[in-house]
Every structure is written in structure tokens, then in C-alpha cells.
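The block underneath contains the structure these notes are about, expressed in C-alpha cells.
None of these values were measured; they are calculated from a predicted model. Counting begins at 1 with the first residue of the sequence.
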Amino acid sequence: MNRFFVLALRVLLVILFVVVAGAQSWLVPQVARDSAARFSEFAYLAVPYAAIWVGLGLCAQIVLVSVWMLLSKIRRGAIFNDTAFVWVNAMIGAGGTATALVFAFGCYHAVIVGQGPGGLLVALAGLGTLGIAFVLVMLVMRGLLRSATELQSQLEEVV
């Protein structure tokens, strides 16, 4: 794999990780406080909503770390072994968890709270659909990695 592309991807992964961590530690709590002060009738929702968004950030960070670890395996030529499945499974789990959080947030917001703009529900449905697509793509990629790993082990036996 081209070293420049791997380096560029790693730089982007670090930037994304820092941005998500910053959003989790500063932006989400700030927006929650401001929203609770501005809409006092919904102040009780500030903590659960902030927890959901921090959880989504954590899921994103798990995916970023998993991509970093898989890049390291590619560089070492060790991508075709069973330890790579740990990181792929972590990505699938994080994607599934994030998708469940988005759908739970949307359902709670639509059914229980029943307030807010309709565009929010459309956006959440879109995010949930993207989450499902991500998980399905990762499941297909895990199957491809399994096939490639089996072929690699068969090739090593022949050689």
C-alpha cells in the first residue's frame, strides 16, 4: 500500500479523533446547558440527550481506532490473520450501537416528547439508514476478509 496514502489517512484519523473528543468534552455539554436554559420545559432531557451524543462520539472513536489498527496490520503484512477480526468486529459493534442510539433517540423524540421540527426526524432516519448501511458493508467486508484469510492460509500450506 502506498505510504503517502497511509500517512494521509492516519493524519485524518488523528484530526477526526481530536474533533470528536473536543465535541464530546466541550460542544455537547455546552449545547445541552444552553438548550436547558433556553427551553426550560425540556431541561430534563439535557442529560439523556447529551449522553446519547457522547455515546455516538465514543462509537465513532472506536471505529477510528479500529481503522488505525487495521492500517498497522496492513503495513506489517499481518492483515490476513485472526486478530484482524477483532478490529472489524469492533467496528461492526460500534456501528450497530450508534445506529441503535440514533433510532432510540428518534423514537423517543417522536413518540414520547412529540416536539421539535419534522426535519430532525428525517435527519435521524437518514443517519439510522446510513448506520445500517455501514454495518452491512462491514459485514460483507468481514466475509471478504475471512475468505482472503482462508486463501492466504491455503497458499502458505502449498508454498
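Grouped with Val86 in a hydrophobic cluster is no other residue, since no side-chain heavy-atom contact under 4.5 Å to another Ile, Leu, Val, Met, Phe, Trp or Tyr is found. Through side-chain heavy atoms spaced under 4.5 Å, either directly or across other Ile, Leu, Val, Met, Phe, Trp or Tyr residues, Leu58 is tied to Ile62. Chaining together hydrophobic side chains whose heavy atoms lie under 4.5 Å apart places Leu27 alongside Trp26, Val31.
The two residues Leu124 and Val102 have their closest heavy-atom pair at O-CG1, 3.3 Å. Residue Ala46 comes nearest to Ala32 through the heavy atom pair CB-O, 3.7 Å, listed as atom of the first residue, atom of the second, then distance. Nearest heavy atom pair, residue Val65 against residue Phe17, reads CG2-CE1, 3.9 Å. For the residue pair Ala94 and Val63, the shortest heavy atom distance occurs at CB-CG2, 3.9 Å.
Of the inter-residue distances, the one linking Leu13 atom CG with Arg10 atom CZ reads 8.5 Å to the nearest 0.5 angstrom. One finds the CG atom of Leu127 at 9.5 Å from the CG atom of Leu120 (value rounded to the nearest 0.5 Å).
Under the side chain to side chain donor-acceptor pair (under 3.5 Å) criterion, Gln30 pairs with Arg33, Asp34, sequence neighbours left out. By the ring-ring contact (aromatic ring centres under 6.0 Å, His included) test, Trp53 pairs with Phe105, sequence neighbours left out. Here Thr97 pairs with Cys59, Leu101 under the side-chain contact (heavy atoms from CB on, under 4.5 Å) rule; sequence neighbours left out. Remark: Val19 engages Ile15 in a side-chain contact (heavy atoms from CB on, under 4.5 Å) (not counting sequence neighbours). With sequence neighbours left out, the side-chain contact (heavy atoms from CB on, under 4.5 Å) criterion links Tyr108 to Tyr44, Leu45, Tyr49, Ile112, Val113. Among residues two or more places apart in sequence or in another chain, the side-chain contact (heavy atoms from CB on, under 4.5 Å) test is passed with Leu12 by none.
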Per-pair distances, 0.1 Å, donor-acceptor, side chain in residues 128-150, under 3.5 Å, sequence neighbours excluded:
from	atom 1	to	atom 2	distance (Å)
Thr129	OG1	Ala125	O	2.8
Arg142	NH1	Asn89	OD1	2.7
Ser147	OG	Gly143	O	3.2
Thr149	OG1	Leu145	O	2.7

Contacts table for residues 74-85: side-chain donor-acceptor under 3.5 angstrom, sequence neighbours left out:
from	atom 1	to	atom 2	distance (Å)
Asn81	OD1	Thr83	N	3.1
Asn81	OD1	Thr83	OG1	2.6
Asn81	ND2	Ala78	O	3.1
Thr83	OG1	Lys73	NZ	2.6

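Met69 and Leu16 fall within a single hydrophobic cluster, where Ile, Leu, Val, Met, Phe, Trp and Tyr side chains are chained together by heavy-atom contacts under 4.5 Å. One hydrophobic cluster holds both Phe39 and Val28 under the rule that ILVMFWY side chains link at heavy-atom gaps under 4.5 Å.
Applying the side-chain hydrogen bond (donor to acceptor under 3.5 Å, both in side chains) test to pairs two or more places apart or on separate chains, those with a residue in residues 54-63 are Gln24-Gln61.
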Can you check side-chain contact (heavy atoms from CB on, under 4.5 Å) on Leu9 and Phe5, steps first, answer last? CA-CA 6 Å; Leu9 182 55; Phe5 293 137; over 6 Å; no
